[in-house]
Amino acid sequence: MPAYPGDRSREISAALGALPAGTPVSEVARRLLDLFTSGSIEPGERLPPERQLAATLEVGRSAVREALAALEILGIVQVRPGSGTYLRGNASELLPQTLRWGLLIGERNTADLLELRSGLEIYVARLAAARAEASDLQAIQTSLDRMRQSVGTLKAFAKADLDFHDALARTADNHMLVDLLHVVRSLLQVYADRAVHDEAAANIAIDEHDAVFRALERGDEDGAASAMAVHMATASARVAAEAAH
């Protein structure tokens with residue numbers, strides 16, 4: 001690809017450095033992400049061509065191509081046929097995608113994920129108690145009512161349970177928290193969908209969700225956080241037991 005006025009391909013490539021032999025595609029993507037979130041590249045700036053990136057990183061062009069394809073799916077770069085690959089946003093705008101990528105390609109440590117989810121959910125409950133308006137409380141109560149109505153149908157119960165937590169996260173009004181929680185829940189979903197096996201467990205979950213909701217109604221931030229901590233302890237124990245099977 002020919003150079004154009006202001007082309008910084010060589011400067012950008014030089015900032016990357018070489019990777020060890022046999023480096024997997026995920027690490028190529030990580031190295032590119034580190035550069036993209038460093039603030040040294042402006043949004044909309046064209047990146048060096050694949051062959052130049054491959055030469056600098058000392059990896060095959062196919063590894064660079066796959067890494068860029070993954071980053072395009074995440075919305076971090078944009079590939080324009082016949083023109084090149086361009087950075088979509090600035091460092092702060094790329095952070096949610098970077099968090100998502102890091103979690104998705106990292107080691108799936110269920111215990112770590114459960115701890116992370118618990119901490120996030122407890123904080124969300126605290127924020128929601130401080131920020132909930134009447135319409136938010138109505139949405140959360142609707143999900144709670146659906147949980148009560150679907151105790152005998154565990155698939156519908158799991159969906160209502162998830163909707164309760166989603167409504168709670170929206171009420172917290174922190175988009176980064178919502179984004180990160182969505183990723184963690186997605187990684188745990190394979191276990192979470194099967195974690196409630198019977199009506200007794202479902203009724204315990206309902207009581208725990210109800211305690212969170214009552215604290216939200218009172219605007220009790222400490223109470224909401226404490227109630228969510230109790231629920232997360234129960235839920236995490238169920239998921240951990242499921243994951244161990």
Side-chain angles (χ1 to χ4, degrees), residues 92 95-96 99-100 103 110-243:
S92 61
L95 183 57
L99 289 170
R100 183 183 293 113
L103 284 171
T110 303
D112 287 351
L113 285 170
L114 287 172
E115 284 186 358
L116 177 58
R117 185 197 173 189
S118 294
L120 292 172
E121 294 279 12
I122 291 167
Y123 188 47
V124 160
R126 178 178 293 279
L127 291 179
R131 299 172 180 177
E133 299 180 357
S135 58
D136 300 314
L137 292 173
Q138 181 59 53
I140 295 168
Q141 183 165 31
T142 296
S143 297
L144 183 57
D145 289 342
R146 285 173 45 224
M147 289 176 67
R148 292 191 176 101
Q149 294 161 7
S150 59
V151 167
T153 311
L154 295 181
K155 184 175 181 180
F157 180 87
K159 178 64 168 63
D161 187 337
L162 179 61
D163 289 345
F164 178 99
H165 287 276
D166 283 345
L168 198 67
R170 288 194 299 273
T171 302
D173 196 26
N174 183 310
H175 296 297
M176 191 168 292
L177 269 177
V178 171
D179 188 84
L180 187 52
L181 262 174
H182 176 74
V183 176
V184 175
R185 287 187 194 133
S186 295
L187 293 173
L188 289 170
Q189 203 63 42
V190 63
Y191 306 121
D193 274 349
R194 305 194 301 267
V196 176
H197 291 285
D198 52 49
E199 290 190 17
N203 284 320
I204 290 172
I206 288 171
D207 289 343
E208 292 172 351
H209 283 76
D210 185 70
V212 174
F213 179 69
R214 297 306 166 196
L216 293 179
E217 285 188 311
R218 299 191 304 269
D220 181 356
E221 297 174 41
D222 289 341
S226 296
M228 182 58 79
V230 170
H231 173 54
M232 281 293 103
T234 304
S236 294
R238 284 198 302 265
V239 174
E242 187 69 34

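Quick note: residue numbers are just sequence positions, from 1.
Of all heavy-atom pairs spanning Ser150 and Ala160, the tightest one is OG-CB, 4.5 Å. The two residues Asp198 and Leu154 come nearest to each other via the heavy atoms N-CD1, 4.0 Å. For the residue pair Glu208 and Val230, the shortest heavy atom distance occurs at OE2-O, 4.2 Å. What you find for Ala132 and Leu137 is that their closest heavy atoms are CB-CD2, 4.1 Å. Nearest heavy-atom pair across Ala224 and Ala129 is CB-CB, 3.9 Å. Nearest heavy atoms, Leu144 versus Ile206: CD1-O, 4.1 Å.
Proximity of a side-chain donor or acceptor of Asn203 to a complementary backbone N or O of Glu199 within less than 3.5 Å is detected. Judged purely by atom type and a 3.5 angstrom limit, Asp136 uses its side chain to pair as donor or acceptor with the backbone of Glu133. The backbone N or O of Ala172 lies less than 3.5 Å from a partner atom in the side chain of Arg131, making a donor-acceptor pair.
The aromatic rings of His209 and His165 stand perpendicular to each other, their planes meeting at an angle above 60°, with 30° marking the opposite boundary.
Rounding to the nearest 0.5 Å places CZ of Phe164 at 14.5 Å from NZ of Lys159. Ser236 contributes atom OG, which lies 8.5 Å from atom NE2 of His231 (distance to the nearest 0.5 angstrom). Interatomic distance, Glu121 CD to Met232 CE, rounded to the nearest 0.5 Å: 4.5 Å. Going from atom CZ of Arg146 over to atom CG of Asp161 covers 10.0 Å, rounded to the nearest 0.5 Å. The distance from atom CG of Leu127 to atom CG of Leu177, rounded to the nearest 0.5 Å, is 6.5 Å.
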Fill in: Intermediate values then yes/no, salt bridge (charged side-chain N to carboxylate O under 4.0 Å, His left out), Arg214 and Asp220
CA-CA 9 Å; Arg214 297 306 166 196; Asp220 181 356; over 6 Å; no

Practice prompt. Test Asp145 against Arg148 for side chain to side chain contact (heavy atoms under 4.5 Å, CB included), laying out the working first.
Written response: CA-CA 5 Å; Asp145 289 342; Arg148 292 191 176 101; 3.3 Å; yes

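Shown are Asp166, Asp163, Leu216; of these, the side chain to side chain contact (heavy atoms under 4.5 Å, CB included) with Ile140 is made only by Leu216.
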